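Because the structure is a prediction, the values reported are computed rather than measured. Here is the naming used below: chain letters follow the sequence lines, and residue numbers restart at 1 for every chain.
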Protein chains: 2
Amino acid sequence: MEKRIPDIYNSLQELSWQFGDHGFNGECCGDLSLVEYMALKKILNTRSIPIQEIGIALNFTKSGATRIIDRLEQKGYVLREQSPVDGRVCCVTVTPRGVEIMSKIIEKYTKYVQDILEEFKPEQIEQIGNSLEMLVKAVQKNKPFDSSF
Amino acid sequence: MEKRIPDIYNSLQELSWQFGDHGFNGECCGDLSLVEYMALKKILNTRSIPIQEIGIALNFTKSGATRIIDRLEQKGYVLREQSPVDGRVCCVTVTPRGVEIMSKIIEKYTKYVQDILEEFKPEQIEQIGNSLEMLVKAVQKNKPFDSSF
DNA sequence: ATAATATAGTTGACGTCATCAACTATATTA
DNA sequence: TAATATAGTTGATGACGTCAACTATATTAT
C-alpha cells in the first residue's frame with residue numbers, strides 16, 4: 001500500500017465537501033441547486049438529450065430526472081420538445097436564459113478558483129492542473145467501488 | 001487570467017461529484033449518509049464536541065445538527081453526554097461501533113483510491129498528493145465566494 | 001442574592017426533494 | 001394486428017434540513 005494514498009483520499013474528500021452541496025455556505029449556483037446545475041451542464045454539453053440519459057449520467061431514477069427537468073423548465077432554463085425521431089423521447093434543450101445563468105455560474109466559480117490559487121506560481125498551477133486531470137481520467141475509468149459492509 | 005484555471009475548476013467539480021452524495025451509485029458509506037459520515041468523522045477527530053460545533057463545521061443549523069446526531073445515536077455510533085463543565089452543552093462522543101464503521105469506510109475508500117491510482121508511478125502519485133494538499137490548504141484559507149447573481 | 005439576559009439543545013410544523021409503483025403514450029416485434 | 005417494450009409522467013411516500021418556539025442551564029447586572 002502506497003503511503004500517500006490515505007492522504008490523497010482525505011484531500012479529495014475535503015475538496016469534495018467544499019465543492020459539494022454544503023460548501024460555499026450552501027450558496028451553490030444562484031437559484032439552482034447543485035443537482036440542477038449539473039443537469040443543466042449535462043444538457044448544455046450534449047445540446048439535446050433524453051430525460052432518462054440525464055438520470056443515468058447523474059445517478060437518478062427517471063422520475064427523479066423528470067422532476068429535475070420540471071424545476072429547470074419552471075425556472076426557464078430548459079425546454080422540452082418531443083423528439084422528431086421517436087415520439088416517446090423528450091429532447092431537452094437549454095434556453096438562452098439557461099446559457100446565460102450557466103456562464104455566470106462558471107464565471108463565479110472560475111473567479112473563486114483563481115483567487116484560491118492566486119499565490120501559486122505558474123508551474124505549480126500547471127502541476128495542480130495536470131494532477132487533477134490525471135485523477136479525473138483515472139476516476140472515469142469507472143473502477144468498481146465495493147460498497148458492501 | 002491563467003489559462004489553466006477553468007480546467008482546474010472543471011476537474012474539481014468532476015471529482016467532487018464523484019466523491020459527493022451521488023457518486024458511487026449513491027452507495028456512500030454503509031448505513032451512513034455522506035452528511036452523517038462527515039459528522040462522525042468530525043466527532044472522531046475532536047474526541048468530544050458540542051452539537052452546535054458540528055453544525056458550524058458542516059454548515060448546518062443547530063437543529064439540523066441535532067437531527068444528524070439523533071440519527072447517528074439511533075444507529076449506535078455516537079453517545080450524548082452532558083458536559084461536566086457546562087450543563088447546557090451536550091458532548092458527543094463516538095462509540096466503539098462508531099470507530100469500527102469509520103475504519104471500515106475509510107478502508108473501502110482508500111482501497112478505491114488505490115485501485116484508481118494503480119497504474120501511476122510513485123512520483124506521479126507523489127505529485128498528485130502534493131497538488132491536492134496545496135489545494136486543500138488554499139481552500140481552507142477561506143477566500144470569500146461571491147454568491148450573488 | 002436575584003432578576004434579567006444569554007446560550008445550548010430540542011421539538012413540532014413545514015417545505016423540498018428523490019423514489020417507487022402505477023399509469024399514458026408511442027414504438028417495435030411476432 | 002396483437003403483444004410487448006420503452007420513454008416519460010404522476011400520486012403517494014419517506015428522508016431530510018430549516019424555522020420558530022420552547023426548555024434548561026449559565027452568566028451578568030443591580
5'-to-3' dot-bracket of DNA chain C (Watson-Crick, G-U; under 3.5 angstrom; crossing pairs as [ ]; | other strand): ||||||||||||||||||||||||||||||

Just list the side-chain donor-acceptor pairs under 3.5 Å for residues 39-46 of chain A, sequence neighbours left out, or say none.
from: A/N45; atom 1: ND2; to: A/K41; atom 2: O; distance (Å): 3.4
from: A/T46; atom 1: OG1; to: A/K42; atom 2: O; distance (Å): 2.9
from: A/T46; atom 1: OG1; to: A/I43; atom 2: O; distance (Å): 3.2

Short question: side chain of [X], backbone of [Y] - any donor-acceptor pair under 3.5 Å?
| X | Y | result |
| --- | --- | --- |
| A/E81 | A/C91 | no |
| B/K108 | A/F145 | no |
| A/Q82 | A/G87 | yes |

In numerical order, the residues of residues 66-94 of chain B whose heavy atoms come under 4.0 Å of DNA chain C are B/T66, B/R67, B/R80, B/R88, B/V89, B/C90

With heavy atoms of chain B within less than 4.0 Å as the criterion, where does contact along DNA chain D begin and end? D/dC16 to D/dA26

For residues 17-28 of chain A, pull every pair meeting side-chain hydrogen bond (donor to acceptor under 3.5 Å, both in side chains), keeping only residues two or more places apart or in separate chains. A/Q18-A/Y112

Enumerate the side-chain hydrogen bond (donor to acceptor under 3.5 Å, both in side chains) contacts for residues 88-103 of chain B, please, sequence neighbours excluded, ordered by first and then second residue. B/D86-B/R88

Could I get the full list of ring pair (Phe, Tyr, Trp, His ring centres under 6.0 Å) partners for A/Y9, not counting sequence neighbours? B/Y109

At a heavy-atom distance below 4.0 Å, what parts of residues 13-22 of chain A sit against DNA chain D? none

Contact list for DNA chain D against residues 30-56 of chain A - heavy-atom distance below 4.0 Å: A/P50, A/I51, A/Q52

Taking only residues two or more places apart in sequence or in another chain, which ones pass side-chain contact (heavy atoms from CB on, under 4.5 Å) with A/E36? A/L32, A/S33, A/I68, A/R71, A/L72, A/K75

Could you tell me whether B/K141 and A/E118 have a side-chain N and a carboxylate O separated by less than 4.0 Å? no

Go through the steps to decide whether B/L135 and A/L117 satisfy the test side chain to side chain contact (heavy atoms under 4.5 Å, CB included), and finish with yes or no. CA-CA 8 Å; B/L135 273 170; A/L117 298 178; 3.8 Å; yes

Pairs satisfying salt bridge (Lys or Arg N to Asp or Glu O under 4.0 Å), at least one member in residues 122-139 of chain B, at least two apart: A/R4-B/E126, A/R4-B/E133

Assess whether atom CD of B/Q124 is packed by more than 12 heavy atoms of other residues, nucleotides or ligands within 6.0 Å. yes

Heavy-atom count check: over 12 atoms from other residues, nucleotides or ligands less than 6.0 Å from B/Q140 CD? yes

Any side-chain heavy-atom pair from B/R80 and B/I51 closer than 4.5 angstrom? yes

Could you work out, with salt bridge (charged side-chain N to carboxylate O under 4.0 Å, His left out) as the rule, every residue matching A/E53, not counting sequence neighbours? none

